[in-house]
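Below, each value reflects all heavy atoms present in this structure, side chains not excepted, and no hydrogens, waters or symmetry copies. Residue numbers start at 1 and run along the sequence shown.
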Amino acid sequence: MKRPTLPAMAALALVIVACSPAVSGSTSTTAIAETTTSAPAAMKPALLSYNLASGTTYSYQVDMSQHIEMSTSGDSSTLGDQEFPGNASFDISGSATFTHMISDGPEPGTFEVNITGSFHDLVVSGTMDGKPMDEVPDFAGLEPFDVTFIVDEQGNLIVDDQSLQDPLGGALGDFSSLGSGGFGMDPGQFVGPPLSDGQVTVGDTWTETTETPMFGEDPALTTITSTVTGTDQLDGFDVLVIGTETTTSAINLDLGEFFIGLFGAFTPTDSTTADSTQLQELLDQFRFVISVDGATSNATTWFDPVAGVARKFDVDGSTRISMDVNLPDQTTGELVGFKMDMSVSQQLSYKLLDSSAT
């Protein structure tokens, strides 16, 4: 059985923390409640919406600054061939130009967004196991992006039935296809917040709480609160400034039961009592737990209500991820333990460079 590598599992945890109504199609979200409050303002109330015409390409300059703290113990070979440090503390910064290509979505009023790009000119500083670092480690997972998802005119994700096809409800699916919504840790994300379904003006606030089904009984809860804080001009365009706070509940993924069932399904029907006893002893010690702390991220969007696009978008957030596994070695079959504790803080800044119709 091919096991997920640490970058994949770390990506899973980051995506979980970042989930919002604008997240990728690999999770489903269900709105619980939405409220809108108002304060006096000079501008007339208006319905805000994204106007992403099919055939249009948007180019965004993206700047990233990231800090990672990591400590591990045990044998990481249980998760693949990549070796991981016992301790690491480092900063990564870099820039990229991301291309957002727009196509018609499956329903009227929806858009398919394909995002491609990769970071370049990466600068690294810090230490790994007490030694200075000068290059990005493989486990940082800063691979080129090629992400596709569907949103509606309010920037909400449209989830299809394929989202829940794998055994873990999308949790161990294709991580390269996971966006992180408007407020996530993943740079390959939709730019801008989910917008209110009603008319808003300066001072108005809207809040939405969503559930994201996870592997297990408890869903992840995400609350997104946005406020139109004022008006501004950016590169000659009149824009609304929208501040957004996103909070996500703590998550504990215990995948042990799933893998125990999987291993049990491959037990030969003609196995001896001794074999069955040995397998049961192995399964009793099996462990695969991923925990993600509750998190809060903050974003500011400079939204052009005439063009229906975010011209600038800044977001910062942080999260802490831990992993505790006890898995059979791929060669010997003996149980091998591995623990990881990783914290990530990140700032992302997007600036619309241009748009063009094809």
Side-chain angles (χ1 to χ4, degrees), residues 13-24 27 29 31-37 39 48 50 60-69 91-96 98 151 154-157 178-196 200 202-210 212 220-232 234 239-251 292-304 309-321 342-352:
L14 295 178
V15 167
I16 292 168
V17 170
C19 61
S20 78
V23 191
S24 82
T27 58
T29 57
I32 297 176
E34 180 172 340
T35 60
T36 302
T37 60
L48 305 181
Y50 292 95
Y60 281 94
Q61 171 73 31
V62 186
D63 295 311
M64 179 195 71
S65 177
Q66 185 181 84
H67 178 74
I68 297 177
E69 299 272 352
D91 295 278
I92 304 174
S93 61
S95 60
F98 281 9
V151 297
Q154 261 52 59
N156 299 306
L157 169 74
L178 293 176
S180 295
F183 320 100
M185 302 289 287
D186 188 342
Q189 61 183 274
F190 185 70
V191 176
L195 301 174
S196 174
V200 295
V202 174
D204 284 0
T205 296
W206 58 98
T207 298
E208 184 173 357
T209 299
T210 64
T212 302
L221 296 179
T222 301
T223 300
I224 305 172
T225 301
S226 295
T227 301
V228 182
T229 60
T231 61
D232 201 352
L234 183 67
V239 295
L240 299 178
V241 182
I242 302 174
T244 302
E245 180 183 82
T246 301
T247 60
T248 304
S249 61
I251 299 166
V292 185
D293 286 358
T296 299
S297 64
N298 293 281
T300 302
T301 305
W302 288 259
F303 183 78
D304 184 336
V309 66
R311 294 196 174 274
K312 192 171 184 295
F313 175 67
D314 293 344
V315 57
D316 64 82
S318 61
T319 187
R320 177 176 171 271
I321 308 153
M342 179 172 68
S343 63
V344 182
S345 60
Q346 181 170 272
Q347 296 80 44
L348 292 165
S349 181
Y350 299 75
K351 177 72 179 294
L352 182 62

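Partners of Y50 under the ring pair (Phe, Tyr, Trp, His ring centres under 6.0 Å) rule, at least two apart in sequence or in another chain, are F190, F303. T223 is linked by a side-chain contact (heavy atoms from CB on, under 4.5 Å) to T207, T209, T225, T247, counting only residues two or more places apart in sequence or in another chain. Partners of D91 under the salt bridge (Lys or Arg N to Asp or Glu O under 4.0 Å) rule, at least two apart in sequence or in another chain, do not exist in this structure. Take E69 and apply the side chain to side chain donor-acceptor pair (under 3.5 Å) test, not counting sequence neighbours, and it matches H67, S89. Scored by the side-chain contact (heavy atoms from CB on, under 4.5 Å) test, S65 finds Q347 as partners (sequence neighbours excluded). With sequence neighbours left out, D63 forms a side chain to side chain donor-acceptor pair (under 3.5 Å) with Q61.
A distance of 10.0 Å separates CD of Q66 from OG of S93, quoted to the nearest 0.5 Å. For the atom pair S226 OG and L195 CG, the distance stands at 8.0 Å (nearest 0.5 Å). Annotation: the span from Q346 atom CD to T319 atom OG1 amounts to 11.0 Å, rounded to 0.5 Å. K351 NZ to L234 CG: the interatomic distance, rounded to the nearest 0.5 Å, is 5.5 Å. Remark: I224 CD1 to E208 CD distance equals 6.5 Å, nearest 0.5 Å. Atom CG in L352 sits 13.5 Å away from atom CH2 in W302 (nearest 0.5 Å).
The shortest heavy-atom contact between S349 and D314 is OG-OD1, 2.6 Å. Closest of all the heavy-atom pairs between S318 and A295 is O-CB, 3.4 Å. Pairing each heavy atom of P193 with each of T301, the nearest pair is CD-OG1, 3.3 Å. Pairing each heavy atom of A299 with each of F313, the nearest pair is CB-CE1, 3.8 Å. Here the shortest heavy-atom pairing between T229 and G243 reads CG2-N, 4.1 Å. Closest approach of G192 and A310 over heavy atoms only: CA-CB, 4.3 Å.
If you run side-chain contact (heavy atoms from CB on, under 4.5 Å) between T246 and each of T296, V315, N298, T222, only T222 comes through.
Between L48 and I242, the closest side-chain pair of non-hydrogen atoms falls below 4.5 Å.
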Assess the residue pair Q189 and L348 against the criterion (side chain to side chain contact (heavy atoms under 4.5 Å, CB included)); give the C-alpha distance rounded to whole Å, side-chain angles, the decisive distance to 0.1 Å, and a yes or no.
CA-CA 11 Å; Q189 61 183 274; L348 292 165; 3.7 Å; yes
